[in-house]
S.K.: 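Supplied in structure tokens, the structure appears directly below.
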Amino acid sequence: MTRAEPQAVPPKIKTGSPLTFFAGAVSAFVVSCGLAFVYFFNPSTHGFYPACLFHQLTGLNCPGCGSTRALYALLHGHFQAAWRDNALFMVSLAGGAIWGTRFLLQKRKNPGLNLHVPTKFVWGYLAVATLFTCLRNLPAFSFLSP
């Protein structure tokens, strides 16, 4: 009688989680609905968009003031108007798109990669947003105000 050699166990095949796909599909649907809503309803003429509480209380523009109008202009292809409404939003949107695309390309190569935003980047962005807020409320930089 011969001894049976131990058989090697084949590696498990990793499959994507159905919950991940569902979360991605729901997120894409919600974002698409939000963009369609802004596309069809001009924030300058429709009063149901929420008003900026910071602007109502202080009379000053926060870093987000004009972002909805900028998104509306951007969705209609009016890049100069979008830039005038909120330059920080436009730069942030472009930077986020580049960073997100880069992350997704890296994720394809390394599926175990997790989303990580360096703390230095967060603090740097907050400093830029604070500077933008201060400048857009000064008379000399009124071109930054929506």
Side-chain angles (χ1 to χ4, degrees), residues 7-146:
Q7 293 186 1
V9 178
K12 290 188 177 186
I13 298 173
K14 284 190 172 182
T15 59
S17 168
L19 187 58
T20 303
F21 176 77
F22 178 72
V26 169
S27 297
F29 177 74
V30 169
V31 168
S32 298
C33 288
L35 290 174
F37 189 82
V38 173
Y39 182 86
F40 289 111
F41 298 102
N42 186 345
S44 299
T45 58
H46 290 85
F48 49 76
Y49 288 98
C52 177
L53 186 60
F54 181 80
H55 184 72
Q56 285 180 333
L57 293 174
T58 65
L60 301 173
N61 292 316
C62 76
C65 282
S67 294
T68 309
R69 289 187 300 264
L71 181 59
Y72 177 83
L74 188 62
L75 290 172
H76 286 85
H78 304 127
F79 298 103
Q80 284 183 327
W83 184 263
R84 266 193 321 270
D85 285 331
N86 194 318
L88 181 64
F89 173 75
M90 295 293 291
V91 170
S92 299
L93 198 61
I98 291 168
W99 184 74
T101 302
R102 186 174 157 258
F103 173 74
L104 289 176
L105 291 174
Q106 289 176 346
K107 183 82 169 166
R108 284 183 62 189
K109 292 179 185 174
N110 181 8
L113 187 66
N114 289 324
L115 185 64
H116 173 71
V117 181
T119 307
K120 290 180 183 178
F121 176 79
V122 174
W123 284 109
Y125 185 81
L126 288 173
V128 168
T130 302
L131 179 64
F132 178 74
T133 303
C134 293
L135 290 178
R136 78 187 316 202
N137 288 296
L138 295 174
F141 295 93
S142 61
F143 61 91
L144 293 174
S145 290

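Scope of the values below: all heavy atoms of this structure, side chains included, with no hydrogens, waters or symmetry mates. This one's a predicted model, so the numbers in the text were calculated from it and none came from an experiment.
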S.K.: Nearest 0.5 Å, please: how far is CG in N61 from CG in L135?
M.R.: 12.5 Å

S.K.: For the CG atom of L71 and the OG atom of S67, what is their distance to the nearest 0.5 Å?
M.R.: 8.5 Å

S.K.: Angle between ring planes, F121 versus Y125, binned at 30° and 60°: parallel, tilted or perpendicular?
M.R.: parallel

S.K.: Less than 4.5 Å apart, side chain to side chain, heavy atoms only: is that true for V128 and V91?
M.R.: no

S.K.: Testing the basics here: between A129 and P63, what is the closest heavy-atom pair and its distance to 0.1 Å?
M.R.: O-CB, 4.2 Å

S.K.: For F29, does the CZ atom have more than 12 heavy-atom neighbours from other residues, nucleotides or ligands under 6.0 Å away?
M.R.: no

S.K.: Do F141 and F132 have side chains that approach each other closer than 4.5 Å (heavy atoms only, starting at C-beta)?
M.R.: no

S.K.: Relative to the ring of H78, is the ring of H76 parallel (under 30°), tilted (30 to 60°) or perpendicular (over 60°)?
M.R.: parallel

S.K.: Ignoring hydrogens and angles, tell me if any N or O in the side chain of T133 forms a donor-acceptor pair with the backbone of C62 under 3.5 Å.
M.R.: no

S.K.: Looking at CG of L74 and CH2 of W83, how far apart are the two atoms once the value is rounded to the nearest 0.5 Å?
M.R.: 11.5 Å

S.K.: Atom CG of L53 and atom OG1 of T58: how far apart are they, to the nearest 0.5 Å?
M.R.: 9.0 Å

S.K.: Taking atom CZ as the centre, does F143 end up with more than 12 heavy-atom neighbours from other residues, nucleotides or ligands that are less than 6.0 angstrom away?
M.R.: yes

S.K.: Determine whether L35 and Y39 make a side-chain contact, defined as any pair of heavy atoms from C-beta on separated by less than 4.5 Å.
M.R.: no

S.K.: Around atom CD of Q80, are there more than 12 heavy atoms from other residues, nucleotides or ligands closer than 6.0 Å?
M.R.: no

S.K.: Under 3.5 Å, is there a donor-acceptor pair between the side chain of Y49 and the main chain of R69?
M.R.: no

S.K.: Would you indicate whether the side-chain heavy atoms of T68 and Y72 approach each other to under 4.5 Å?
M.R.: no

S.K.: From L88 CG over to L131 CG, what is the distance, rounded to the nearest 0.5 angstrom?
M.R.: 10.0 Å

S.K.: Between D85 and P146, is there a donor-acceptor pair closer than 3.5 Å when you use the side chain of the first and the backbone of the second?
M.R.: no

S.K.: Taking all non-hydrogen atoms of both residues into account, name the closest pair between C134 and L138 and its distance.
M.R.: O-CG, 3.4 Å

S.K.: Can you name the closest pair of heavy atoms from R136 and L144 and give their distance?
M.R.: NH2-O, 3.0 Å

